[in-house]
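Chain identifiers are assigned alphabetically (A, B, ...) following the order of the sequence lines, protein sequences preceding nucleic acid strands; residue numbering begins at 1 within each chain. Quantities reported herein were computed from a predicted structural model and do not represent experimental measurements.
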Amino acid sequence: MLLAAVAAASAEVAATRSRRAKVERIAAALTAATPAEAVVVAAYLAGELTQRRTGVGWASLRELPPPAQAPTLDVLEADRAWSAIAEVAGAGAQGERRRLLEALFARATEPEQRLLRGLALGELRQGALDALVVEGLARATDAPLAEVRRAVMLRGATPPVAEALLAEGSAALARFRLEVGRPVHPMLASTAADVAEALGKAGPAAVEEKLDGIRVQVHRRGDDIAVFTRTLDDVTSRLPEVVEAVRTLPADELVLDGEALALGADGRPRPFQETAARTGSRVDVPTARARAPLSAAFFDVLHVDGEDLLTASTAERHDRLAALAPEAMRVRRVVVTGPEDEHAAAAFSASALARGHEGVVVKALDAPYEAGRRGAAWLKVKPVHTLDLVVLAAEWGSGRRRGWLSNLHLGARGLDGGFVMLGKTFKGLTDAMLQWQTTALLELAVEQAGWGVVVRPELVVEIAFDGVQASTRYPAGMALRFARVIRHRPDKTAAEADTVDAVRAVFDRARATGESSG
DNA sequence: TTCCGACAGTGGGGTCGCAAT
DNA sequence: ATTGCGACCCCACTATCGGAA
């Protein structure tokens, strides 16, 4: 199969807004592939290379050779070329990688170059990712969608399922089971404004502490223990404390889901940045460990000694977890079965915050573990801060935001009458707001640049954020975490905006109470 | 007919390790 | 030593399609 066929399919997927039409086109491409080719085609139409990392990003793709006139690249050939690029390492690697990259792109036609570039950057922007490939795969092979989804969830990836389905048909699906040692995509939570709203959606539920660390999925088979992140990266060697903790548990085969985070000597959580630094440190783990020891707190169990628990209810899975792991290794929780318990849930949430944690996650007691899906069964609730800040500059948007000023540079009022930048945001803006602010900011522009405009600091925006974190990038030494626009405030003047001191107060309060971010 | 769940897109700050300067 | 780059941790929110109610 030629890469050109995949490039054409991708272009047609991008050309329609109808999801059903996208799925049909993906199905057609998969049908035309051999099982071996389907591995690559399924990845590419989901916008991913088969290689986890290639060392190729924006900078490497700025200048490329002119496209080939006629398509000659085979799909499997292109995949092998990326493998060769990914494997380059050591001194002189950049030059060698460059040479291989140029050789690949020189053989690609214009549509093929566009595909390869989008794949390398993870920005194919065709309006379809893995979820639609899974639908297309079910369509192409006449397999029940729910069963294909189940196989993908248990395998932790779509391409191997595509290969098996094309080679053997639906009968292959039964082979895909949870395997201890191979990670599944973790179940994700959506957001609720407050505990009452979350309980209203979830029904009878467990309310769990939300820890501000990194998600860990731990697999144990005897003495063999592996730790995976949310994106299924293997971080076993970086988190020895987690391995040691799980080794103490009384089960031979185990799959656990939880959170790892750095705690201070007082048992309170350290800022997220310290946990992230620990998880990122690979070279000298013992030193990093001595500086910021990690703890693991688990909230779910997916497998125990030969028994899969994915379809068991949240209530049952927790019972199994509680029988295995001591309280100190589990996240705190309360169970709420009716409206009369709402007060207890709110009190629990307040105590979680007082202990320095991020908030709570409300989990429906009757829900199974839906790997890889962001369903309504888990709802996170976090407190939100708001401030009135001033727009200092704005960047031109890309994609569907092309032509609109999108990303706002935010400043707080300084002591000297100037403004101090605290971060940027593009979030929370409706199309109408984008349109309005583009006009408004162009009128305030004092400098036009390729990236956007610098403006007179006059437009006030109400900004929501989760907390204030230490920053080396911004002049006040602080940056907003997860800032988003609530609304424009043209009714306010910049002199009425919040001050840097107000922001610092949030920052200092968080550090004093040990709160993770705010 | 209306509602809402699932998806994709649009980017944010911080951190590490590596290769080049 | 410093810098630029790539990869990954954390992530919020809106628009849209199409099935559910």
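If you take CZ of A:Arg215 and C1' of C:dC10, they are 13 Å apart, rounded to a whole angstrom. As a whole-Å value, the separation of A:Glu358 CD from C:dC11 C1' is 9 Å. Rounded to an integer number of Å, the gap from CG of A:Leu294 to P of C:dC10 is 13 Å. The CG atom of A:Leu480 sits 17 Å away from the P atom of C:dC11 (whole-angstrom rounding).
Using a 4.0 Å cut-off between a side-chain N of Lys or Arg and a carboxylate O of Asp or Glu, A:Asp234 and A:Arg52 do not qualify as a salt bridge. Comment: A:Glu358 does not engage A:Lys380 in a salt bridge, judged by the lack of any side-chain N to carboxylate O separation of less than 4.0 angstrom. Using a 4.0 Å cut-off between a side-chain N of Lys or Arg and a carboxylate O of Asp or Glu, A:Arg19 and A:Glu135 do not qualify as a salt bridge. At a threshold of 4.0 Å, the pair A:Asp212-A:Lys382 does not count as salt-bridged, since none of the basic side-chain nitrogens sits closer than that to a carboxylate oxygen. At a threshold of 4.0 Å, the pair A:Asp388-A:Arg413 does not count as salt-bridged, since none of the basic side-chain nitrogens sits closer than that to a carboxylate oxygen.
The nearest pair of heavy atoms linking A:Thr279 to A:Ile214 is CG2-CD1, 3.1 Å. Pairing each heavy atom of A:Ile486 with each of A:Ala464, the nearest pair is CD1-CB, 3.5 Å.
Proximity of A:Thr279 to the phosphate of C:dC9: no side-chain N or O atom is located under 4.0 Å from OP1 or OP2.
With hydrogens and angles ignored, the 3.5 Å screen pairs no side-chain donor or acceptor of A:Glu197 with any backbone N or O of A:Ala192. Of the possible donor and acceptor atoms, none in the side chain of A:Ser349 sits under 3.5 Å from a partner among the backbone N and O of A:Val360.
Only A:Leu129, A:Ala131, A:Leu132, listed by number, bring a heavy atom of residues 129-141 of chain A to less than 4.0 angstrom from any atom of DNA chain B. Across residues 81-89 of chain A, A:Ala89 each have a non-hydrogen atom less than 4.0 Å from an atom of DNA chain B (numbered order).
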Check residues 362-372 of chain A and write down every donor-acceptor pair under 3.5 Å in which the side-chain atom is one partner and the other belongs to a residue at least two apart or another chain.
unit_1, atom_1, unit_2, atom_2, d
A:Lys363, NZ, A:Glu208, OE1, 2.7
A:Tyr369, OH, A:Met187, N, 3.0
A:Tyr369, OH, A:Asp257, OD2, 2.6

Which donor-acceptor pairs under 3.5 Å do the side chains of residues 118-129 of chain A make with protein atoms, sequence neighbours left out?
unit_1, atom_1, unit_2, atom_2, d
A:Glu123, OE1, A:Arg125, NH1, 3.0
A:Gln126, OE1, A:Ser10, OG, 2.8
A:Gln126, NE2, A:Leu45, O, 2.5
A:Gln126, NE2, A:Ala128, O, 3.2

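By the ring-ring contact (aromatic ring centres under 6.0 Å, His included) test, A:Trp451 pairs with A:His409, sequence neighbours left out. Partners of A:Arg291 by side chain to side chain donor-acceptor pair (under 3.5 Å), not counting sequence neighbours: none found. Every side chain to side chain contact (heavy atoms under 4.5 Å, CB included) that A:Arg504 has, sequence neighbours left out, goes to A:Ala476, A:Met478, A:Val500, A:Asp508. Evaluation of the side chain to side chain contact (heavy atoms under 4.5 Å, CB included) rule for A:Pro240 yields A:Glu244, A:Arg278, A:Val285, A:Arg289 as partners, not counting sequence neighbours.
Relative ring orientation between A:His385 and A:Phe465 is described as parallel, the plane-to-plane angle staying below 30° on a 0-90° scale split at 30° and 60°.
Annotation: side chain of A:Leu408 is not in contact with side chain of A:Ile463 (no heavy-atom distance under 4.5 Å). Using a 4.5 Å heavy-atom cutoff, the side chains of A:Thr438 and A:Gln435 are not in contact.
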Please list each protein N or O that sits under 3.5 Å from an N or O in nucleotides 3-6 of chain C, with the distance.
unit_1, atom_1, unit_2, atom_2, d
C:dC5, OP1, A:Arg62, NH2, 3.1
C:dG6, OP1, A:Gly57, N, 3.0
C:dG6, OP1, A:Gly57, O, 3.4
C:dG6, OP1, A:Ala59, N, 3.4
C:dG6, OP1, A:Ser60, N, 3.2
C:dG6, OP1, A:Ser60, OG, 2.6
C:dG6, OP2, A:Trp58, N, 3.4
C:dG6, OP2, A:Ala59, N, 3.2

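For the pair A:Glu370 and A:Ser281, nearest-nucleotide mapping onto DNA chain B gives the more 5' position to A:Glu370. Residues A:Ala91 and A:Arg149 each lie close to DNA chain B; by heavy-atom proximity, the contact nearer the 5' end of the strand is made by A:Arg149.
For DNA chain C, if you chain together Watson-Crick or G-U pairs that step i with j, i+1 with j-1 and so on, the runs of at least three with distances under 3.5 Å are B:1-6 with C:16-21, B:8-21 with C:1-14.
Within 6.0 Å of the CZ atom in A:Arg139, the count of heavy atoms belonging to other residues, nucleotides or ligands does not exceed 12.
The residue A:Thr275 sits apart from the nucleic acid: no heavy atom pair falls under 4.0 Å. Nucleic acid contact for A:Glu123: none, since no nucleic acid atom lies under 4.0 Å from a heavy atom of the residue.
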> What string of B, S and - do you get for nucleotides 12-21 of chain C, 5' to 3', when a contact is any protein heavy atom under 4.0 Å?
Replying inline: BSSSBBSS--
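The outermost nucleotides of DNA chain B lying under 4.0 Å from heavy atoms of chain A, listed 5' to 3', are B:dA6 to B:dA20.
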